[in-house]
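Take a look at the structure below.
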Amino acid sequence: MDYNKIAKDILDSVGGPSNVKELTHCFTRLRFVLRDSGKADKAASEKLEGVISVMESGGQFQVVLGAKVTKIYDALLPFLSLEENNSGEREPVKGNIWNRLLIAVSTMFTPMVPAIAASGLMKGFLTIAKIIAANNGGDITVNQTYIILLAATDAIFYFMPLILAYSCAKVFKANEFIAMALGGTMCYPAIVSLMTGEEAVQMFGMEITKANYASSVIPIIIGVFILSYIQKFLEKIIPEVLKIILVPGISLFVMVPATFMVFGPVGIYIGNAINFLYTGMMNISPILCGAFVGGMWCVFVVFGAHRALLPIGINDVAQFGHQNLLAFAGAANFSQGGAALGVMLKTRDRNLKTVAASSTISAAVCGITEPAIYGCNLRLKKPMVCAIISGAIGGAIMGAGGVYGDAFANNGVLTLATYAAFGLTKFLFYLIGIGVAFFGAAILTYFVGFDDLGTGKRTISKPETKDVIIPKDTDITIASPVEGKAVALSNVKDEVFSSEALGKGIAVIPDKGEVLAPADCTVAMIYPTLHALGLKLDNGAELIIHVGIDTVNLDGKYFKKHVEEGSHVGKGTKLISFDMDKIKAAGFDTSVMVVVSNTDEYAAVVGIERERAAINSDIIRLSV
């Protein structure tokens, strides 16, 4: 799979680089904030290779890609320039206050999720070890190895003000390191001792509200928000020559007392109020609360609203050492996986069956539900309804059993032990809840059914080409662009090419590190890393010439281009050159794939294997 091509295609479909104001990603999707959403072509985006689904939610244009999202995100960055404008003022985000809030919360907390998930996974393993030791009459909680590993699971929560300060500063455009200094002060050991001691605490002779800010969430968010405005004000009134010292110095001097005397206590009260509301729902009926979260969580995911709920679970773990929000959400996760399993068993569409199978594993094992939601359940509608019903029942069972987890961990098979820390009974209720959610959704989906997508393959949009009139009894031949041995694509050690997912063609094991134009053509595209290019031949064929396997990771090293993108060249023109020996020494396969990307426009595309393919040797035959 050519991530650079996918990245460029996605970028074109959202209106080009100039239309992208912000770009982030989570586990499965790219999240674009666009300057003009009207320029984005959602229908075209959904047809692109590798794209599972596209949605617009929370002020973002979201492209769902699954596990390959990080690689495509990395491929996108060279095309973009996301720096702030020269005035230093951030362009205001369009949309209503709710959308702006969701974007801010998502941007603050999403970068922390991998570390929090790792913490939860490690704590789950420690829980299993502790239970096994206890059943054998041992106690590993006094073991120094256990203590050190446990500290690693708790550190991100204990130092939450410090970690969250950085991501908040990114959102509010404050100085990241001044924000971290403020957050570090809040969880500094001497401060924690003062705030948890018996004596009253004073600052400038005034008694301040005592609160333990270690592990707190909301106080630092408010503090950094105010810091951003203090910083902007100081930058306007302080002379340029003094800004480097006075702006951060005065900012910190103002914000430390302001945080401990005003904004910190306000944040604590807000956090207590949010916890009071959620606890109130639990006190009214844990069953109804569990059913609501278990049923609606993935609906919230569709609209991006689940991001606004994440701080509740994070705050509960940080403050109290346990949470049940994600336990109930786990019912939703497993129900989406179960519904996807039902789709896999029921559908006759081979492509949908493959998507559903991988989505089932992603949701059930890792707790990543976006592929299941957007890849099949939401598209087919009825499986989504079955998942909501089953998730609600599973969540209700967990609520009835008083299920809690001792870490903030995405729900999946890998993190089951997170919910075993509070006794066997609660853990059994959790297992029953996710079992009902998963298998209930699978059975419901299978028997309720859905309108199948049929057996048609999703088409991938291609650039328009001029119609070429050729006699039907005439074949088109394409010469080799490199010298070497021509072998079948099936021999290539890259599944995307060997499976002919990008089109049919041939591979050449090169003897010389030069790629020449196989015919008169237009250089449609040269990838930034120079390892691949797209050609539009004058005879109507469209080629992708890809040098090496995984050579994109060389980032252009050992490659050199000799023509510019968009230029029209004659047959035999040198296009790119590459140092075969150095690429091999770096551990990469140098096979050159020559693929006809508009294969479906021809009656047949046949690769011609040759022991010796010279520059003028025909290696591909096209039948029209």
Side-chain angles (χ1 to χ4, degrees), residues 2 465 468 470-494 496-500 502-527 530-549 551 558-563 567-581 583-584 588-624:
D2 193 325
T465 57
V468 181
I470 302 173
K472 291 187 177 181
D473 58 350
T474 302
D475 286 344
I476 300 172
T477 57
I478 298 175
S480 179
V482 291
E483 294 182 3
K485 180 181 179 180
V487 299
L489 274 182
S490 58
N491 294 329
V492 173
K493 297 177 181 178
D494 184 301
V496 173
F497 288 104
S498 63
S499 65
E500 299 183 337
L502 295 178
K504 296 183 179 181
I506 197 79
V508 180
I509 302 172
D511 294 335
K512 189 176 181 181
E514 290 182 349
V515 177
L516 308 184
D520 294 347
C521 62
T522 298
V523 182
M525 182 184 298
I526 300 177
Y527 297 102
L530 307 182
H531 73 293
L533 66 161
L535 303 179
K536 291 184 180 179
L537 307 191
D538 289 358
N539 60 24
E542 298 175 13
L543 299 185
I544 295 175
I545 301 176
H546 192 287
V547 179
I549 297 175
T551 45
Y558 310 134
F559 288 88
K560 182 179 180 180
K561 69 175 181 177
H562 300 277
V563 293
S567 59
H568 187 275
V569 299
K571 181 177 180 179
T573 302
K574 186 187 295 187
L575 304 176
I576 59 174
S577 57
F578 53 98
D579 192 320
M580 290 174 48
D581 294 335
I583 293 174
K584 288 180 179 178
F588 294 92
D589 187 326
T590 57
S591 299
V592 178
M593 282 61 72
V594 185
V595 175
V596 180
S597 58
N598 58 339
T599 290
D600 55 358
E601 295 180 11
Y602 297 94
V605 176
V606 179
I608 304 171
E609 297 184 56
R610 292 181 181 275
E611 189 65 30
R612 174 65 185 170
I615 289 299
N616 290 321
S617 301
D618 294 334
I619 58 170
I620 298 176
R621 180 176 291 112
L622 309 177
S623 298
V624 295

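A salt bridge links Lys574 to Glu514: one of the charged nitrogens lies within less than 4.0 Å of a carboxylate oxygen.
Residues Leu543 and Pro518 come closest through the heavy atom pair CD1-CG, 3.9 Å. Taking every heavy atom of both residues into account, Ile619 and Ala486 meet most closely at CG2-CB, 4.2 Å.
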**OP:** Apply the test side-chain hydrogen bond (donor to acceptor under 3.5 Å, both in side chains) to residues Asp538 and His568: give CA-CA distance (whole Å), side-chain angles for both, the deciding distance (0.1 Å), then the verdict.
**Re:** CA-CA 10 Å; Asp538 289 358; His568 187 275; 3.1 Å; yes
Subject >> Derivation and outcome, side-chain contact (heavy atoms from CB on, under 4.5 Å), residues Val547 and Ile576 >> reply: CA-CA 10 Å; Val547 179; Ile576 59 174; 3.9 Å; yes
Subject >> Ile549 and Thr590: CA distance, side-chain angles, deciding distance, side-chain contact (heavy atoms from CB on, under 4.5 Å) verdict >> reply: CA-CA 7 Å; Ile549 297 175; Thr590 57; over 6 Å; no
Original post:
Given His546 and Leu533, is the side-chain contact (heavy atoms from CB on, under 4.5 Å) satisfied, shown in steps?
Top reply: CA-CA 7 Å; His546 192 287; Leu533 66 161; over 6 Å; no
Original post:
Can you check side-chain contact (heavy atoms from CB on, under 4.5 Å) on Phe578 and Lys560, steps first, answer last?
Top reply: CA-CA 6 Å; Phe578 53 98; Lys560 182 179 180 180; over 6 Å; no
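Counting heavy atoms from C-beta on, the side chains of Val595 and Leu489 come closer than 4.5 Å. Lys561 places none of its side-chain heavy atoms less than 4.5 Å from the side chain of Leu575. Looking only at side-chain heavy atoms (C-beta outward), Arg612 and Glu483 come within less than 4.5 Å of each other. Between Thr551 and Phe559, some side-chain heavy-atom pair lies under the 4.5 Å cut-off.
Of the options Val523, Ile526, Ile544, Val594, a side-chain contact (heavy atoms from CB on, under 4.5 Å) to Leu535 is made by Val523 and by none of the others.
Using modelled atom types, one side-chain atom of Arg610 and one backbone atom of Asp618 make a donor-acceptor pair closer than 3.5 Å. Between the side chain of Asp520 and the backbone N or O of Gly570, no donor-acceptor pair lies under 3.5 Å.
The line from CD1 of Ile620 to OG of Ser480 is 9.0 Å long, rounded to the nearest 0.5 Å.
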